[in-house]
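Down below is the structure, laid out as structure tokens.
Values reported hereafter were calculated over all heavy atoms of this structure, with side chains retained and with hydrogens, waters and symmetry mates removed. Numbered from 1 within each chain, the chains take letters A, B, ... in sequence-line order.
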Protein chains: 2
Amino acid sequence: MPDADPPGWELPLLLFAGFRTLIDQLHASLAARGHPDVRPVHGFAMQAIGVHGASISEIGRRLGVSKQAAGKTVDRLAALGYVERVDDPRDARSKLVRLTPRGLDSLRLAAEIFEALRADWVAQLGAERVRSLESSLRTVVPAAGYPVDVPGWFG
Amino acid sequence: MPDADPPGWELPLLLFAGFRTLIDQLHASLAARGHPDVRPVHGFAMQAIGVHGASISEIGRRLGVSKQAAGKTVDRLAALGYVERVDDPRDARSKLVRLTPRGLDSLRLAAEIFEALRADWVAQLGAERVRSLESSLRTVVPAAGYPVDVPGWFG
DNA sequence: TTAGGATCGACAACGTGGTTGTCCAAACCG
DNA sequence: CGGTTTGGACAACCACGTTGTCGATCCTAA
């Protein structure tokens, strides 16, 4: 047995480092293209809102956080000009949260940048190893989408 | 070209899901073995303290956060009984933060559990694919260890 | 030896993201 | 119609991060 396996604690560190590398590069590109104030959590929230908009409660459910937490995040997104609240014509209790043109632009840019980032990995590792990495991870992680309560989850 | 590549935004999601899966399983095992109150951030902090102890400022540097933030985390760790502050005999300004026996136990257990978790992945994917995943990630992430200011970084 | 500067750790104030609990208005349903 | 559920706001609180300040201690160089 020539090479010893790396210690088990290295695996989570590498996964996190990969995640963080991508997200940091995403936000560096976003900042360079007119979106310096978006934080990672905002991107996930806007993803949860989607191009058709959603109510506060629905956003909370999609993110796996309370509606109060979702409401605060929407407040900050609104202050940054990425979303707006409009009355829901079909439910007087509900306010529909919709992306502004600026919000839509950031979402479109983010998708582009993620493609470019994956292409970088393919250039470094080859298409086969990137596909293998993705397929390995799909095997070991539960199928369900993951909640995005990262700050609260971690600390 | 038979199969289309997955969209670029899936890669960070998979990496995060892998990380979160491992950390969640770690803390589930830790909770079952007498450490229900440790949070992920505490584990990283204890790792930074190490078996020989460290000063508050040194912990902050190792974690990539301010000494004030390190001090608060140490406060909570001390309240949980995982660390203690003792006077540094060689510097009257400094307090040495040391792991208690309980803290050392959690660190030892965590190392064991991470080994078992990696073995689970090997059982599901095969040793070669796990090694390939680790090696791919080492290629694309910067060599430097990553800061652990996760909540602040994300939000 | 002493003056100046750097470092240690504490305290305070604040921003952001999360949580519960409470409340009212509107919607739903038997 | 009346009871229950739901949507969203408000308040209080906790965890984790930040900057700024400060006194005490250490180090170094005049």
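- Taking both residues in full, the closest heavy atoms of A:Ala70 and A:Val65 are given as N-CG2, 4.1 Å, listed atom of the first, atom of the second, then distance.
- Contacts classified as ring pair (Phe, Tyr, Trp, His ring centres under 6.0 Å) and involving residues 105-145 of chain B (residues at least two apart or in different chains) are not found.
- One finds no salt bridge joining A:Arg102 and A:Asp105 here, because no Lys/Arg side-chain nitrogen approaches an Asp/Glu carboxylate oxygen to under 4.0 Å.
- By the salt bridge (charged side-chain N to carboxylate O under 4.0 Å, His left out) test, A:Asp88 is found to be paired with no residue, residues two or more places apart in sequence or in another chain being considered.
- Residues passing the salt bridge (charged side-chain N to carboxylate O under 4.0 Å, His left out) test with A:Arg118 are A:Glu134, B:Asp5, sequence neighbours excluded.
- Between A:Phe19 and B:Phe16, the ring planes are tilted. Angles from 30° to 60° get that label.
- Chain B approaches DNA chain D within less than 4.0 angstrom (heavy atoms of the protein), and the contacting nucleotides run 5' to 3' from D:dA15 to D:dC26.
- Note: CG (B:Asp87) to C1' (C:dC8) measures 13 Å, nearest angstrom.
- Within the structure, ring pair (Phe, Tyr, Trp, His ring centres under 6.0 Å) contacts touching residues 51-91 of chain B (residues at least two apart or in different chains) are B:His35-B:Tyr82.
- Here the closest non-hydrogen pair linking B:Gly8 and B:Pro12 is O-CD, 3.3 Å.
- The shortest distance between the side-chain N/O atoms of B:Ser57 and the OP1/OP2 oxygens of C:dG9 is below 4.0 Å.
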Its contact letters, B for base, S for sugar-phosphate only and - for none at protein heavy atoms under 4.0 Å, make nucleotides 14-30 of chain C read --SBBBBB----BS---
